[in-house]
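In what follows, every chain begins at residue 1, and chains take the letters A, B, ... in the order their sequences are listed.
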Amino acid sequence: MNTVIFRTTAPVVIAVMLVFSVFICLRGHNEPGGGFIGGLIAASAIAIYGMAAGVDRVRRAMRIDPLALAGAGVLLAAGTGVLSLFTGSPFMTSIWYELNLGESSVALSTPMFFDIGVYLVVFGSVSAIALALEAGREEDL
Amino acid sequence: MGGAAGWLLALVPAGVFVLLLGGLEAVAAGLPLRQGFDWVPTLGLRLSFALDGLSLLFSLTIAAVGTLVVLYSGAYLNGHPHQGRFLAFILVFMSAMLGVVLADSTLALFAFWELTSVTSFLLIGFDHRREAARRAAIQALVITNIGGLALLVGVLLLWQATGSWELSALAGTDIRAHGLYGAILGCILLAAFTKSAQFPFHFWLPNAMEAPTPVSAFLHSATMVQAGVYLLARLSPTLGDTPIWTLLLIVFGGLTLLWGAFGALRQTDLKQMLAQSTIASLGLLVLLIGIGNEAAISAMVIYFLAHACYKAGLFMVAGAVDHGTGTRNLPALGGLADQMPVSFIGAALGALSMIGLPLTLGFFGKEEMYLALFTSRLDSLLGLVVLILGNALLAGVAMVVMIKPFLGPLLPTPKSPHEAPIAMLVGPILLGGVAILGAVAVEWLGHDIVAPAASTILGEQALSHLGLAIDLRSPIVWLSILTWGLGVAVYWQAATIRTVLRRGGRAMGWTADHVFDHAMFGLIRFAADVTRFLHHGRLEVYLLVVFAALALVLLVPVIGLGGLDVLGSWAQGNWPANLQPTMPYLHEWVVLALAVTGLGAVLLAPSRLVAILALGIQGTAVALLYLLFGAPDLAFTQFMVEVLSVVILTLVMTRLRLDERDHRPLGEALRDGAVALACAVGVSLTLLLVLTGTLDPTLSDFFTATSVPIAHGHNIVNVILVDYRGFDTLGEISVLMATGIAILALIRGTAKAGSGAKRRAAKPVEDGLEGEA
């Protein structure tokens with residue numbers, strides 16, 4: 001599998017996949033997509049990069065341990081739920097805020113950050129598993 | 001903190017004591033203090049506490065003895081590396097015990113009850129490097145937890161019978177005629193008997209002597225073991241005064257009294273002797289609750305107070321003797337009165353109260369209990385004999401404890417005898433003093449403490465008639481004198497009695513302790529057998545069981561509950577009509593063909609890797625179907641899952657070092673095929689059955705209508721995931737996270753094991769799997 005073509009094209013494909021995953025995650029509230037799918041796409045990218053470049057390089061490129069990302073995701077998701085307690089409403093009641101930027105406006109909301117939390121958990125957990133599996137495979141080769 | 005820790009921390013229970021004293025006047029006037037807040041309002045649960053006569057008696061005792069015990073522990077464990085931990089345990093233990101006696105909510109009572117079991121486990125096993133201490137701790141935990149579970153059941157049944165979670169509300173109800181009375185009584189008695197070490201659950205208490213001495217002093221006098229007595233006293237107005245209650249309490253109480261008293265005389269270890277005599281005293285208390293008339297209950301209250309004072313004091317003295325001489329073995333002790341004069345005074349004060357000489361609290365307790373049984377009825381005469389015998393034996397024990405170590409010739413001991421530090425002497429002296437002071441102020445004590453407590457237990461107003469005057473014409477006094485006389489005889493013949501008892505014990509061969517050990521070993525062996533049967537470590541068998549169970553779960557309801565008939569009538573009735581409008585279009589045929597091709601490729605694949613890839617074809621076809629029928633989100637996810645599962649399965653396969661193909665015997669292949677077929681049929685039938693029903697559109701209509709106005713989102717699937725059912729998603733991602741960690745641990749574990757397996761190169765498939773699992 002570890003061919004020259006694969007190794008050369010992989011970074012490009014992966015970069016596109018990662019950007020696309022973020023795009024999918026953020027547009028999820030109105031179009032097909034969302035944190036779960038986005039996270040899966042990003043994790044596939046990491047898995048492919050792992051095959052192409054080796055686990056050590058992926059880990060160095062990621063800088064953060066994938067499992068730590070997953071943990072941060074759970075915290076972020078739970079944290080958005082806690083936020084609503086400060087407004088006096090029950091846990092996980094969504095809060096919306098329209099941020100006006102000149103002509104257009106961006107909707108910031110707790111569901112969005114919750115979705116980002118989901119993205120991080122899926123991305124982190126699945127990448128961690130994939131990388132661990134690949135690390136074991138490299139020992140054999 | 002060192003030595004000052006005890007003095008400082010003793011302020012906590014002392015503060016509690018002073019606080020509780022504040023409630024004295026109101027309680028004496030018959031006005032219990034109540035406090036509570038809503039716990040689970042939807043279930044009608046309140047976390048409520050009440051301070052009435054009974055709980056005041058117990059909580060004052062706990063706080064007072066607690067203060068002295070903390071003070072004592074500060075000195076006793078001075079310099080011990082885990083002194084801080086010990087003091088923390090003992091304070092938690094005390095809080096739990098206070099919770100037990102102050103709780104008005106039955107569930108809170110149960111929670112605190114269990115907390116006392118757990119903290120006493122920590123305390124008994126404090127010296128956890130010794131096996132004996134560990135065993136004693138586990139034994140106490142097991143025995144008292146059997147009772148704890150019984151208490152939970154009893155509390156739930158009480159709720160079932162009365163609809164109330166509050167003890168104060170229970171006191172007014174009468175459930176003696178209720179159908180559940182027997183079950184409730186059984187559960188409550190089991191709880192109380194295990195906690196209070198009644199026969200035949202008495203054996204854990206002497207073993208609990210493995211705990212450091214301050215724990216024993218606390219455990220035996222005011223806390224833990226008294227919880228069972230408290231429970232019986234508390235529920236006496238609700239459950240008591242029936243023939244079965246009276247019979248059970250008197251029989252088991254009386255048995256425990258004699259068993260413990262004789263047990264005490266068998267011992268030569270100072271602490272063991274005191275521990276066995278605690279069992280006897282607990283039996284006495286239960287017996288008195290069983291008798292249940294006014295005199296018996298007020299005797300029980302006074303005896304409880306007297307016992308708490310002298311038993312805590314005597315234990316502290318035993319600890320001081322141990323501390324000062326290095327031994328607790330009675331034959332090795334003697335003539336310490338000159339070297340340890342203060343300890344001697346403490347021991348004497350406690351022992352005099354235990355003997356029940358005039359001018360001590362113990363005297364009044366004894367007088368009252370004789371009064372309670374002094375009638376001409378035959379059964380109460382029998383009770384009286386048991387009481388006198390038990391008291392005489394205990395008096396003999398008290399004399400041994402007081403006289404043997406301190407008087408007579410001085411014997412050589414491991415350490416040269418010296419007096420204990422002051423913090424260890426405050427307790428015995430103060431507690432012994434209380435016995436005398438309480439006797440002097442007996443009228444006040446009777447009015448302010450005993451009568452309110454007795455009223456709570458009786459469920460009706462009780463009056464105190466305690467006075468200092470001793471009437472020599474009363475036959476009761478002569479019974480006391482008889483008791484002392486017998487006690488002196490017991491002391492005189494202590495050595496002979498011990499020899500006889502020991503010979504008898506050896507003749508019996510086994511003890512409850514052995515039974516417990518056998519039961520525990522049996523349980524462990526049984527658990528090991530079950531584990532070996534269910535977990536034999538072969539992955540194939542696990543999978544086979546899981547899938548067979550799945551097939552059963554799917555097929556049994558469909559076939560057993562008439563699902564086939566529904567399907568049959570549906571197929572016959574509208575077969576053409578149902579099929580006609582869903583005739584697939586050409587492109588749908590193509591996708592279906594793709595899926596079938598994929599499946600065929602899986603079956604025909606020459607190697608595992610190809611089979612996995614072919615499975616991907618089939619999955620992709622399903623994703624295409626989703627896309628065609630308007631579920632882009634689902635299709636999207638399915639695509640990604642297909643890609644990832646192919647990647648991850650491939651990676652797993654390369655790690656497993658399996659054969660290219662799976663060669664299995666025909667029998668196994670047929671068996672697995674049958675299970676697979678059953679699963680498939682089950683899934684198909686269930687799905688068809690689901691589709692025969694009409695879909696309830698309420699939820700989907702709601703989501704469609706409110707998705708934009710409420711949740712500001714056009715993608716309903718996503719809105720449901722992150723908004724309407726966000727809490728579920730939060731749970732799911734937490735599970736995903738946990739799964740990730742678990743898989744990582746598994747991979748890392750097998751990576752280590754795998755490096756060993758690598759050397760064993762060519763291995764059969766099954767062994768390889770076992771090695772990985």
Side-chain angles (χ1 to χ4, degrees), chain A residues 1 21 24 27-41 43-44 47-48 50-51 66-67 70-71 73-74 77-78 80-81 91-94 96 107 109-115 117-122 124-137 139-141, chain B residues 627 631-644 646-657 707-708 710-719 721-727 729-730 732-748 750-751 754-755 758:
Chain A
M1 261 197 287
S21 78
I24 285 288
R27 76 170 202 158
H29 214 55
N30 291 311
E31 306 285 336
F36 192 81
I37 303 173
L40 285 180
I41 296 174
S44 320
I48 293 170
M51 289 178 186
L67 215 53
V74 174
T80 61
F91 182 63
M92 291 200 81
T93 312
S94 58
W96 286 82
S109 65
T110 50
M112 185 179 89
F113 287 104
F114 183 84
D115 223 8
V118 174
Y119 174 92
L120 288 177
V121 175
V122 174
S125 303
V126 178
S127 327
I129 296 167
L131 287 179
L133 284 170
E134 281 173 39
R137 193 178 60 103
E139 279 170 22
D140 295 345
L141 294 178
Chain B
L627 205 56
D633 272 287
L634 210 51
F636 231 153
T637 313
Q638 174 82 8
F639 275 129
M640 288 326 299
V641 169
E642 280 308 326
V643 171
L644 268 176
V646 166
V647 169
I648 288 184
L649 272 175
T650 314
L651 289 173
V652 172
M653 284 297 174
T654 50
R655 288 172 64 87
L656 280 180
R657 286 177 293 274
S707 175
V708 174
I710 292 183
H712 308 262
H714 293 277
N715 177 4
I716 299 175
V717 176
N718 188 264
V719 166
L721 278 178
V722 300
D723 200 316
Y724 288 127
R725 313 228 34 106
F727 201 54
T729 311
L730 184 61
E732 280 154 19
I733 57 175
S734 310
V735 170
L736 182 64
M737 168 90 198
T739 316
I741 293 171
I743 292 179
L744 276 191
L746 194 67
I747 294 173
R748 282 182 191 153
T750 52
S755 56
K758 217 183 289 180

So which part of Val717(B) gets closer than 4.5 Å to some heavy atom of chain A, the side chain, the backbone, both or neither? neither
Heavy-atom pairs under 4.5 Å with chain A: which of Asn718(B), Ile743(B), Ile741(B) has the most? Asn718(B)
Of the backbone (N, CA, C, O) and the side chain (C-beta and beyond), which part of Ala128(A) lies under 4.5 Å from a heavy atom of chain B, both, or neither? both
Name the region of Ile716(B), side chain, backbone, both or neither, that has any atom closer than 4.5 Å to a heavy atom of chain A. neither
On a heavy-atom basis, which atom in Phe114(A) and which in Leu721(B) lie closest, and how many Å separate them? CE2-O, 4.1 Å
Could you tell me which of Val121(A), Val122(A), Thr80(A) has the largest number of non-hydrogen atom pairs under 4.5 Å with chain B? Val121(A)
Phe727(B) and Phe91(A) aromatic ring geometry - parallel, tilted or perpendicular at 30°/60° bounds: perpendicular
Structural part of Ile48(A) lying under 4.5 Å from a heavy atom of chain B: neither
If you take all heavy atoms of Gly33(A) and Asn715(B), which pair is closest and at what distance? N-ND2, 3.9 Å
If I take atom CG from residue Leu644(B) and atom CD1 from residue Ile129(A), how far apart are they, to the nearest 0.5 angstrom? 10.0 Å
Ranked by heavy-atom pairs below 4.5 Å to chain B, first place among Ala70(A), Gly117(A), Ser109(A) goes to Ala70(A)
Looking only at heavy atoms, which two atoms of Asn30(A) and His714(B) are closest? And how far apart? OD1-N, 2.8 Å
Please classify the contact between Leu744(B) and chain A as side chain, backbone, both or neither, with a heavy-atom cut-off of under 4.5 Å. side chain
I need the Leu40(A) CG to Thr637(B) OG1 distance, nearest 0.5 Å. 7.0 Å
Given heavy-atom pairs under 4.5 angstrom as the criterion, report whether the side chain, backbone, both or neither of Ser44(A) touches chain B. both
Can you name the nearest heavy-atom pair linking His712(B) to His29(A), along with the distance? O-CD2, 3.4 Å
Could you state the interatomic distance from CD1 (Ile747(B)) to CG (Leu131(A)), rounded to the nearest 0.5 Å? 10.0 Å
Part of Ile733(B) within contact of chain A (heavy atom distance under 4.5 Å): both
Heavy-atom closest pair (Met737(B) atom, Gly71(A) atom, distance to 0.1 Å) is SD-N, 3.4 Å
For the student: nearest non-hydrogen atoms of Ala78(A) and Leu730(B), plus distance: N-CD1, 3.7 Å
One option among Ile37(A), Val118(A), Thr93(A) has the most heavy-atom pairs under 4.5 Å with chain B, and it is Ile37(A)
